[in-house]
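Note: hydrogens, waters and symmetry copies are ignored here, and every other heavy atom, side chains too, is used.
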Amino acid sequence: MAQKAEEKTVINRKNFPMKNVRNIGIIAHIDAGKTTTTERILYYTGKSYKIGEVHEGAATMDWMAQERERGITITSAATTCFWKDNRINIIDTPGHVDFTAEVERSLRVLDGGVVCFDAVAGVEPQSETVWRQADKYHVPRLCFINKMDRIGVNFKADLDSIIDRLGAKIAVLHLPIGTENNFKGIVDLVKMKSFVWHSDDLGASFDEEEIPEDLKQESELYRKKLLETVAETDEKLMEKFFETGDLSEEEIKGALRKATIANELYPILVGSALKNVGVQLLLDAVIDYLPSPEEVPPVFAEIPGKEEKLELHPDPSGPLAALSFKVQNDPFVGTLNYIRVYSGTIKSGTYVVNTNKGEKERVARLMLMHSNHREEADELSAGEIGAVVGLKQTFTGDTLCSDDTPLLLENITFPEPVISMSVEPATKADQEKMGMALNKLAQEDPTFRVESNPETGQTIISGIGELHLDILVDRMRREHKVEVNVGQPKVAYRETITKMVEQEGKYIKQSGGRGQYGHVFIRIIPQERGFGFEFEDKVVGGSIPKEFIPGAEKGIKEAIHKGVLAGYPVVDVKVELYDGSYHDVDSSEIAFKIAASEAFKEGCKKASPQILEPIMKVEVVTPEDYLGDVIGNLSSKRGKVEGTEARGNAKAISSYVPLSEMFGYTTELRSMTSGRASSTMEFSHYDPLPGNLVEKIKTGND
C-alpha cells in the first residue's frame, strides 16, 4: 500500500511532552550528503514546500552566500520540524575539517546524532574525526549510508569500514534493493518488509511490499545476525531467542533503543537523500532509537565556590542552567546566542546571570531558529534549543543561570589555530571598521584569533586552515563592508624545552623613594607533547609571601607567549616556583612578576629549546595510475606515508606532512592527477622542526 508524507500543519511546540522531543545533529565527512539529507527531512516533515539543492546553491540550511557559492556547509544551522507527533530539533553541521569547531559545539549540546557516510567511500578521515568528537560527548548515533545510487557502491565494504576504522559494534537494519542507478528501495530487517519509492512525487510516497525473491536469502541471513546482536544485549531476550529462534518487532525495537542510547550499538540504515529514497525510514529510526532529553544521563553543574556538583535533570521547574554554544551576529536583530536549556525555564524579558563573567544579562527576546529565519517564543524550557537576543557579555561556552542559584556547566574545548596571516585595511576609512569586524568574527568563532604584532604593528589573524581564514576574510568584505589586504599564510610554530633547568630571577630597583624587590627560584620542566602549561607553587617556609605568588605566576604566563628562539609561544612545560626572598617594604606583586618573567626567559635559553611545527594528517584518494607520483610528491614534502588501501576503484594514501609544505597542495594535486584525485587534511600533532630549517624560521624566511 502507498504511504504518503504527512500534510503540513501548524503545530504548537508546547503540545509535545518531553518524551516526544529529539535534539539531533547531522554529522559527517565533507560531501557525504548531510545538508541534502536535512533538506529532504524538512520537505517530508512539511517544513519546506520545495526541496532546496546544495549543488544549485538553494539549500535552506546553507544560508550564507559563501555556502551557496561553494556548495559546502560553513556554519552549523539549527531548525525545528515535526514528524508523527514528535518534535525534532536538528543541527546541520559542516564536514570540512577547517570548521570542526562547529561540530564540536553542536555535539556538546545534542542528545543524538545521524552520521552520514558516502556509500562509495565508506569511512573517510573526517568521518573518523566527527565520530571521535561524538564519542567524547557520549552522543548516541545512527549510521546512514547515503548515496546508494552512486556508481561504485559497495555495501559490505561500507559495513567493514565502519567496524574496522571506527571500532563500532553495528546492527544492520536495512538492505538496499538494487544498486547504483537501479537503487529504488530498502528491505527493513526489523519488519521484514520491503519499501519501494515513487520517483514521480519526489519520494513523498512509497509502497510497502513483500521482500523480492532474489533478496530473501540474504535478508534472512542479515535478519538472523540482527536478532543475535539484539539478543546479546538482554538475558531474557537471549533465552527467548534460543527457545524460539525469533523476536517480536517490539522486542527488537525496545532492545535496540536501549543499546543505542547506551552507545553499545549503532543501527545502520541506507538510502539516497538526493534520489529521495529512505529519508522517511531514517526519521522513523530517529524517533524509535535516539533518546529524548529525559533519557540521556543527567548533566552535572559546578556550584561556584563549593566542591560539590549539582545533578541536573531536564525539569522545566528546576534551577535554570543553559549553555551558550554559538554566537551569531545577525544584521537584523544584533547578536544571537544559541543556547541549550538543560534545566529550568528561561523567559523573554527577564534577567539571567552569566556565571563565567559574573554579569547580569537581560533576555530581550527568545527565538526558535529555522536556518536564518526566526520564530518568536515566550520561553524556552529544559530540553529545548533556541536563541536569545540581547546578551552583551555572553559568548560560546558560557553558562546562564538564575540569580538565586548560581551554576556552572562544563565549558567546550576547541582546537588551537595552526595557521596565521596578516591583514591590513585597504584605506584609512576601513581601519576602524576592520577592528569592529574582526572583533565580531572572533566573538562568533572560538577557533579564530586576532592579535597585534607590537614590533611590526601588523594585525595577525589565526585559524584552523587556509579555507577557514579565506572564508573569514571574505565575510569581512561582504558582511562588514571592509576592504583588506592579506599577507601570505604563515605556520603557527611553537617552542618547547628538552631538559630541566633551575633558574634564579631577581628584580631590584631603587629610585630614591620606595624601591622594587622581587626574587624567585624556579624549576622549568619539559613535559610530553600536548601537555600545555602548568604552574605549581612549591614555596615552603614563607620565603615568598602568599600575596606575591599570583604576581610570579602572571609573569611566567606572559613570558610563555614569546619563546627564546624565534618568538613563538612556549608549550608543554611545567614551572615550579620553589624558593625566593622578599623585602618587607620594597616587595610588590609587580616586582615578583618581572623577576619570574626574566627567570623564565633566561631558564628557557639554557634548557635546550627547540621549535615545534604542526604536522597534518593528510589523506589523498587517487586513481591507481597516479599512485607513485602522489606518494613521491608527499615524500618530497617531508611527508611520512603510513600506508595505502583500496577505496572503491581508487587508492587512499594515509600520510603525515608538515603544514609548512602543504600550502597550495590542492592545486598541485589537481594538476598532477588531471583533476582526478582529492585530498583532506587535518591537524594531528606537533613535532620538532629539523635543525637545517631552524635558522630559516629564526630569520623569518619560512
**Student:** Would you say that more than 12 heavy atoms from the other residues, nucleotides or ligands in this model lie under 6.0 Å from the NZ of Lys347, or not?
**Tutor:**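 No, the 6.0 Å shell around NZ holds no more than 12 heavy atoms from other groups.
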
**Student:** Quiz question: by atom type and distance under 3.5 Å, do the side chains of Asn89 and Thr80 form a donor-acceptor pair?
**Tutor:**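 The answer is yes; a qualifying pair exists.
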
**Student:** Are the charged groups of Lys19 and Glu294 less than 4.0 angstrom apart, N to O?
**Tutor:**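 Looking at Glu294 together with Lys19, the answer is no, because their closest N to O distance does not fall below 4.0 Å.
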
**Student:** Does Asp135 come within less than 4.0 Å of Arg141, counting only side-chain N to carboxylate O?
**Tutor:**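 Here Asp135 pairs with Arg141 in a salt bridge, since their nearest N and O are under 4.0 Å apart.
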
**Student:** Test your reading of the model: is there a side-chain donor-acceptor pair from Lys433 to the backbone of Lys481, 3.5 Å cut-off?
**Tutor:**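 Between the backbone of Lys481 and the side chain of Lys433 there is a qualifying donor-acceptor contact (under 3.5 Å).
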
**Student:** Is any side-chain heavy atom of Asp537 less than 4.5 Å from a side-chain heavy atom of Lys546?
**Tutor:**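 In contact.
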
**Student:** I want to check something: taking the side chain as every heavy atom from C-beta on, are Leu438 and Thr459 in contact at a cut-off of under 4.5 Å?
**Tutor:**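 Of all side-chain heavy-atom pairs linking Thr459 with Leu438, at least one is under 4.5 Å.
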
**Student:** Is any side-chain N of the basic residue among Lys84 and Asp284 closer than 4.0 Å to the acidic one's carboxylate O?
**Tutor:**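 Yes, this pair counts.
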
**Student:** Surrounding OH of Tyr351 (heavy atoms of other residues, nucleotides or ligands, distance under 6.0 Å), is the total greater than 12?
**Tutor:**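 No, the 6.0 Å shell around OH holds no more than 12 heavy atoms from other groups.
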
**Student:** Relative to the ring of Phe117, is the ring of Trp131 parallel (under 30°), tilted (30 to 60°) or perpendicular (over 60°)?
**Tutor:**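 The arrangement is tilted - the two ring planes meet at 30° to 60°.
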
**Student:** In sequence, state the C-alpha distance, the side-chain angles, and the governing distance for Lys440 and Glu479, and then conclude on salt bridge (Lys or Arg N to Asp or Glu O under 4.0 Å).
**Tutor:** CA-CA 11 Å; Lys440 283 188 173 177; Glu479 293 172 30; over 6 Å; no

**Student:** Any donor-acceptor pair under 3.5 Å linking the side-chain atoms of Asn337 with those of Thr394?
**Tutor:**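 Thr394 vs Asn337: no donor-acceptor pair found between side chains.
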
**Student:** Got a salt bridge between Arg475 and Glu444, using NZ or NE/NH1/NH2 to carboxylate O under 4.0 Å?
**Tutor:**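 Here Arg475 pairs with Glu444 in a salt bridge, since their nearest N and O are under 4.0 Å apart.
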
**Student:** Report yes if some heavy atom in the side chain of Ile91 is under 4.5 Å from a heavy atom in the side chain of Leu110; otherwise report no.
**Tutor:**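 Ile91 vs Leu110: side chains touch.
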
**Student:** Look only at the side chain of Asp398 and the backbone of Phe395, and say whether a donor-acceptor pair between them is shorter than 3.5 Å.
**Tutor:**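 Answer holds: yes.
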
**Student:** More than 12 heavy atoms of other residues, nucleotides or ligands under 6.0 Å from NZ of Lys557: yes or no?
**Tutor:**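 No.
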
**Student:** So, do Thr345 and Leu380 sit near enough that their side-chain heavy atoms are less than 4.5 Å apart?
**Tutor:**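 Not in contact.
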
**Student:** Salt-bridged, Arg22 to Asp111, with N to O below 4.0 Å?
**Tutor:**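 Looking at Arg22 and Asp111, the cut-off is not met.
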
**Student:** Are more than 12 heavy atoms, taken from residues, nucleotides or ligands other than Glu558, located less than 6.0 Å from that residue's CD atom?
**Tutor:**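 Result for CD/Glu558: enclosed.
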
**Student:** Please answer whether the main-chain N or O of Leu409 pairs with a side-chain N or O of Thr399 as donor and acceptor at a distance below 3.5 Å.
**Tutor:**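 Checked: pair present.
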
**Student:** Between the side chains of Glu359 and Lys392, is the shortest nitrogen-to-carboxylate-oxygen separation below 4.0 Å, so that they form an ion pair?
**Tutor:**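 Glu359 and Lys392: not salt-bridged.
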
**Student:** What I'd like to find out is whether the side chain of Pro314 reaches to under 4.5 Å of the side chain of Met18, using heavy atoms alone.
**Tutor:**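 A side-chain contact exists here, since the closest heavy-atom pair is under 4.5 Å.
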
**Student:** Below 4.0 angstrom, N of the basic side chain to O of the carboxylate: do Glu589 and Lys554 qualify?
**Tutor:**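 Between Lys554 and Glu589 there is a salt bridge, with a charged N closer than 4.0 Å to a carboxylate O.
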
**Student:** Hey, which of Glu251, Glu295, Glu250 is the one that makes salt bridge (Lys or Arg N to Asp or Glu O under 4.0 Å) with Arg257?
**Tutor:**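 Looking at Glu251, Glu295, Glu250, the match for Arg257 under the salt bridge (Lys or Arg N to Asp or Glu O under 4.0 Å) is Glu295.
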
**Student:** Apply side-chain contact (heavy atoms from CB on, under 4.5 Å) to the pair Trp83 and Ile287, showing each step before the final yes or no.
**Tutor:** CA-CA 9 Å; Trp83 181 252; Ile287 304 305; 4.0 Å; yes

**Student:** Side-chain contact test, heavy atoms from C-beta onward, threshold under 4.5 Å: evaluate it for Ile145 versus Ile162 and give yes or no.
**Tutor:**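 Touching, per the 4.5 Å side-chain cut-off.
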
**Student:** Is Arg340 close enough and on-axis enough to Tyr342, meaning under 6.0 Å and within 45°, for cation-pi?
**Tutor:**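 Yes, cation above the ring, under 6.0 Å and within 45°.
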
**Student:** Is it the case that Thr413 and Lys136 place a side-chain donor and acceptor less than 3.5 Å from each other?
**Tutor:**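 Lys136 and Thr413 do have a side-chain donor-acceptor pair below 3.5 Å.
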
